[in-house]
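Contents: one structure, followed by commentary.
Being a predicted model, the structure only gives us computed values, none of them experimental. Note that ligands are numbered from 1 as they come in the structure, with each ligand's atoms numbered from 1 the same way.
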Amino acid sequence: MQLGEVLLTALKQAGARHLYGIPGDFILPFFEQAEQSSILPLVTLSHEPGIGFAADGAARMSCRPAAVAVTYGAGALNLVNAIAGAFAERSPLFVIAGCPSEAERGSGFLLHHQAKTLDSQYRIYSEITCDQARITDADTAPDIIARLLRSCITYSQPVLLELPRDLATVPCLPVVPLSPLPFEPQAISACAEEILDVLSGANSPVLMVDVEIRRYDLEDEVAALARRLNVPVVTTLMGRGLLADTDVRVLGTYLGEAGDPELTELVESSDALLLLGVILSDSNFGPSGKRLDIRKAMLVSNREVQLGYHNYHEIPMGELIQALLERLPEPGRIEPEQPAASPMWEVDDQPLTPADIAAGINLFIADQPDPVPIASDIGDCLFTSLDIHHTPVVAPGYYASMGFGVPAGIGIQLTTGHRPIILVGDGAFQMTGWELGNCQRLEVDPIVVLLNNRSWEMIRVFQPNSQCSDLGDWHYAGLADALGGLGLRVSTRRDFRAALAEADQARGSFVLIEVMLESGAVSPTLKQFAKRLQAKRSL
Ligand SMILES: Cc1ncc(Cc2csc(CCOP(=O)(O)OP(=O)(O)O)c2C)c(N)n1
Ligand SMILES: [Mg+2]
């Protein structure tokens, strides 16, 4: 096989389902191989940020690595922000960036697409990937690819492979996958027993879960652990929607003083907080009323366990959860929780609020036979998604880059086959919403709920007299037809309900429901969140 085909085969064997990318001359031989070999279906969008967010959405929802291929310099550097978000939020993306051949490097010319030096791309990516390598010959290529795949999967973070344009087509031996990184079984046992000691001696233990339990595809195991521990379960902001496909009763999302007071008190007064897969970020803990005493918590994250004043190293979360389960009795029969009665929703001519959007979507999801995954962008749509019950949600709640929602929704439908609902504000839609123009060609048909408040409202919440936040009214629903979809502009609860029903029947093309919000209409959670964060910053 040729090196490019060996790489595609190894990516497929590691779980990648598509190759996302935008070509350029430095990566063109590899693109040709991808097209001709069909080892991985090639997905192109219109702009590298879109490609990165789509691959990220696919990786997060499938719990498998996603592959992204771009050209040298202009392509790879255009992709940087999406990869930085994947790095921060622990999403396993395998980035293949074209680069000059040895002969071109020695030409003495400044090469097109080069930044400061020929190695600038590599150095920039070293800041947003957990491992990097440049292929220099076919002999070492299989081991390099095997190492990068193991790093990508082990740490659930992006890696960079630089592929010189002249090497994609050289003959190459297959990749032999590396065995998982070693760990110490005794350390796993000691750690599990210490955690169980702390939990059994506690008065108010609480289990908090976050994105890593999905990244390592451990939601079912965590659900079994929650049943056996029989302790209250909450998620972080980023972990919203976790365990939705299990029978575990999740009490809700911890939002500190911006959230439910009882849940906040339960978490902040706990004397044994087990943080499984939790990222200690300001978005997850910023609005905390009193500073969480992390020494009273047990943090399991990134192959480390922090317990009181000591740490365990190289503790794979899956191995630890298995060790805990082995030491806990099977639970008694648990009555499956009756699904919460869908809130009665007045279908009237009242103007829509963000809370109405969540209520309408909850009712829509309750009527659907298939799962309805949610992709949310940043803005008040993220806080609106917190009120959407029991469905998997993918959102950049920590790195918080705008533009994630629409492309991520496209990637989610490509990888799961389920029609997603995409929540996006008008500002973020202006950045990457145009990728909807690719839906017909890609045969995906997401339902997009666009919160049009004609403003960067989240900016205005933090800076009320902001003039620059005014965006004007772009009439987004009117653009849908030109992009190959159906556009519906709504402003009342009755209209929104009818639009969702119409969208449900309109398969085969995206449906853009443009929700007109009154100026200043924001979710109570965003208001509280901003107030809390500002109060802390002014200390
Ligand atoms: C790539 C990037 N550039 C700027 C920013 C900073 C920001 C965070 S939220 C926001 C306004 C979002 O406006 P939108 O209309 O989408 O939503 P809403 O607030 O509900 O009205 C900005 C500019 C971020 N997060 N990412
Ligand atoms: Mg807006």
Return a yes/no value for Met431: is any of its N or O atoms, backbone included, closer than 3.5 angstrom to an N or O of ligand 1? no
Going by atom types only, do Ser283 and Ser281 share a side-chain donor-acceptor pair under 3.5 Å? yes
protein heavy-atom neighbour closest to atom 20 (O) of ligand 1 works out as Asp380 N, 2.8 Å
Once the angle between the rings of Tyr476 and Phe429 is folded into 0 to 90°, is it parallel (under 30°), tilted (30 to 60°) or perpendicular (over 60°)? perpendicular
Which residue and atom name correspond to the protein heavy atom nearest atom 9 (S) of ligand 1, and how close is it? Met458 CB, 3.7 Å
Which of the numbered atoms in ligand 1 are below 4.0 angstrom from a heavy atom of Ser401? 1 (C), 26 (N)
Would you kindly specify which portion of Ile459 sits under 4.0 Å from ligand 1, judged on non-hydrogen atoms: side chain, backbone, both or neither? side chain
Any side-chain heavy-atom pair of Arg215 and Cys63 under 4.5 Å: no
Could you check Arg240 against Ser376 for side-chain hydrogen bond (donor to acceptor under 3.5 Å, both in side chains), going step by step and ending with a plain yes or no? CA-CA 11 Å; Arg240 176 74 190 165; Ser376 177; over 6 Å; no
Protein heavy-atom partner closest to atom 10 (C) of ligand 1 - residue, atom, separation in Å: Met402 SD, 3.6 Å
Counting both backbone and side chain atoms, is some N or O of Ser455 under 3.5 Å from an N or O of ligand 1? yes
Between Asp495 (side chain only) and Val515 (backbone N and O only), is there a donor and an acceptor less than 3.5 Å apart? no
Can you tell me which residue among Arg497, Arg493, Arg494 is in a salt bridge (charged side-chain N to carboxylate O under 4.0 Å, His left out) with Asp348? Arg493
Would Ser91 and Asp56 count as having a side-chain donor-acceptor pair, cut-off 3.5 Å? yes
Donor-acceptor pair between Asn453 and Glu518 side chains, under 3.5 angstrom: no
For Tyr216 and Thr154, indicate whether the former's side chain and the latter's backbone hold a donor-acceptor pair under 3.5 Å. yes
Under 4.0 Å to a heavy atom of Gly427 - the qualifying atoms of ligand 1, by number: 14 (P), 15 (O), 16 (O)
Test item: side-chain donor near acceptor, Asn81 and Ser401, under 3.5 Å: yes
For the Mg ion (ligand 2), which protein N/O/S atoms are closer than 2.8 Å? Asp426 OD1, Asn453 OD1, Ser455 O
Give the residue and atom name of whichever protein heavy atom lies nearest to atom 18 (P) of ligand 1, and the separation in Å to one decimal. Glu457 N, 3.7 Å
Near Asn453 (heavy-atom distance under 4.0 Å), the atoms of ligand 1 are 18 (P), 20 (O), 21 (O)
Between Arg90 and Asn302: side-chain donor-acceptor atoms closer than 3.5 Å: yes
Residue Gly379 vicinity, atoms of ligand 1 by number, heavy atom under 4.0 Å: 17 (O), 19 (O), 20 (O)
Closest protein heavy atom (residue, atom, distance) for atom 16 (O) of ligand 1: Ala428 N, 2.8 Å
Do the two ring centres, one from His112 and one from Phe26, sit under 6.0 Å apart? yes
Got an N/O contact under 3.5 Å between Cys381 and ligand 1? no
Quick one: do the Gln440 and Ser509 side chains pair a donor with an acceptor below 3.5 Å? no
If you measure from each non-hydrogen atom of Ser469 to ligand 1, which part falls under 4.0 Å: side chain, backbone, both or neither? neither
Ligand 1 N/O within reach of Ala400 N/O, cut-off under 3.5 Å: yes
